[in-house]
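Numbered from 1 within each chain, the chains take letters A, B, ... in sequence-line order. Being a predicted model, the structure only gives us computed values, none of them experimental.
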There are 2 protein chains.
Amino acid sequence: MPRGPRETAAATREPVTRERAVRVAVELADAGGIESVSMRKLAAELSITPMSLYYHVPGKEDILDGMLDVVYSEMHVPRPGVEWRTAMLERAESTRAVLARHPWAISLDARTSPGPATLGHLDATIGVLRAAGFSMPLVGHAMSLLDSYVQGFAMQEATLPLDASGDIGAVTEDIMAQHQMMSNAFPNLAEMAVTLILQPGYAYGNEFEFGLELILDGIEKVHRQQVEAADA
Amino acid sequence: MPRGPRETAAATREPVTRERAVRVAVELADAGGIESVSMRKLAAELSITPMSLYYHVPGKEDILDGMLDVVYSEMHVPRPGVEWRTAMLERAESTRAVLARHPWAISLDARTSPGPATLGHLDATIGVLRAAGFSMPLVGHAMSLLDSYVQGFAMQEATLPLDASGDIGAVTEDIMAQHQMMSNAFPNLAEMAVTLILQPGYAYGNEFEFGLELILDGIEKVHRQQVEAADA
DNA sequence: AAACGCTACCATACGGTGTATGGTTTCGTC
DNA sequence: GACGAAACCATACACCGTATGGTAGCGTTT
């Protein structure tokens, strides 16, 4: 029966490593939001004291970096052979799905110092576009555009006061209560609320696809023009 | 000589109000980033004790909300008559300019409970699109798409390790040092770094316009189709 | 003139945070 | 059985947001 070092009581099981600490931090954030990830709570969850964490990790920043890389590692990585448009679509939708699973990651997304999963993801994406004949500048354009949109949309979506189903219903009363006031000060906003957003079938999440397809159409058009120009 | 109440020493000048507290908080954030806005530092800047702030404000959240609304109030509000595409372009560029001036606002952008400036801004934008004949669903599509892109781009830009000029130069050495390693693990990324990003003329900020024009083109096309379909 | 109440401010304290400093225990190896 | 590294710990500091319960100065009322 092999056993790790330092197993005094019957408490500890797995050894504490940076990897496990980050994994547990992700679980904490999933359960209680990013503000429930503190060095003390994390240490408690690992059955060690706060300062013992610093043996495995240089500081909290490193844990946050690790958490973001875990999130990226859950995303679908485009495979080399796939047609570029399909790959980009899958990538965007996978990103959105993963961020929906880990909403706290949206605010962490602004962080520098990417991890290996993040870099691998970028590398694979560039590879697919290059294989499809995209010029390097166009790869830059396309990725900046797509990533900005996907990340921005996730942030907008997180901002809205939605219930779990993505429906706006839960706050309808609040909005209607303010409606009289809004109609005077912000007539266009009030009209949009009543005739669009508060309509039964409306869900903000559905806006995602419109923008995504529009962007992919635009990129496809530019790509085709470049290819034709090169052939001529 | 009119003087406010409670002017014991010759210290205080302007009276403390929520509005002034928020204004000073913005100055603090501009000077030292969002983490240098604490109730204690803010109170010190206003020459009162921390707890006195709570007479003017329910809590820190309210100050952050106010700060974001100040940022929105600095943005160019589209005027009713303007052609929609021009208005959207100005709006996007103004947003980007203001967020560049207050980088801390990007991370605050995810915050609920918009202020009057924010709502007024939205209202004016909807008004311009409606006046241009956009259907309400298309207004929703267009604004979701544009706002997601602009906000996401600002976030991406803030993530990058850029110096003040927007140039990547400052970190070139770091990248080159890791280049050998990257070439093996992430060949596409390495190639992109060398042949695009590290090239003398390249600045990530220039990517903004490509995406913006592409999006506006796409929206214009959809709009034209809808108008034609309605005419037929 | 005296009492009252309101506005604006303050002192103290609590429970939380990240982490610097400097031990202490346990283990494999010699 | 001594030794050094690996893993963990205790204490403490400077900060944070804010709950609780005051207090000084003012205008108005009686």
Closest non-hydrogen atoms of L129(B) and A142(B), given as atom of the first, atom of the second and distance, are CD1-CB, 4.3 Å
Taking every heavy atom of L68(A) against every heavy atom of A105(A), the minimum-distance pair comes out as CD1-O, 4.1 Å
May I ask you to evaluate whether [X] reaches the phosphate of [N], defined as a side-chain N or O under 4.0 Å from OP1 or OP2?
X: Y54(B); N: dT18(D); answer: yes
X: H56(B); N: dT7(C); answer: no
X: S52(A); N: dA7(D); answer: no
X: K41(A); N: dG16(C); answer: no
X: T49(A); N: dC8(D); answer: no
X: Y55(A); N: dA7(D); answer: yes

Regarding the side chain of M51(B), the nearest nucleotide among dG18(C), dC9(C), dA19(D) is dA19(D)
Suppose we call a contact any N or O donor and acceptor under 3.5 Å apart; does that hold for the side chain of R40(A) and the base of dG18(C)? yes
What is the separation between atom [atom1] on [X] and atom [atom2] on [N], rounded to the nearest whole Å?
X: L46(B); N: dA8(C); atom1: CG; atom2: C1'; answer: 13 Å
X: M39(B); N: dA19(D); atom1: CE; atom2: P; answer: 10 Å
X: K60(B); N: dA19(D); atom1: NZ; atom2: C1'; answer: 18 Å
X: E35(B); N: dG17(D); atom1: CD; atom2: C1'; answer: 17 Å
X: I48(B); N: dA8(C); atom1: CD1; atom2: C1'; answer: 9 Å
X: D62(A); N: dG18(C); atom1: CG; atom2: C1'; answer: 14 Å
X: L42(B); N: dG17(D); atom1: CG; atom2: C1'; answer: 13 Å

**Prompt:** Are M143(B) and V139(B) side-chain neighbours, meaning at least one heavy-atom pair lies under 4.5 Å?
**Reply:** yes
Side chains of V71(B) and W104(B): closer than 4.5 Å at any heavy-atom pair? yes
Before accepting this row, confirm whether a basic side-chain N of the pair R91(A)/D147(A) lies closer than 4.0 Å to the acidic partner's carboxylate O. yes
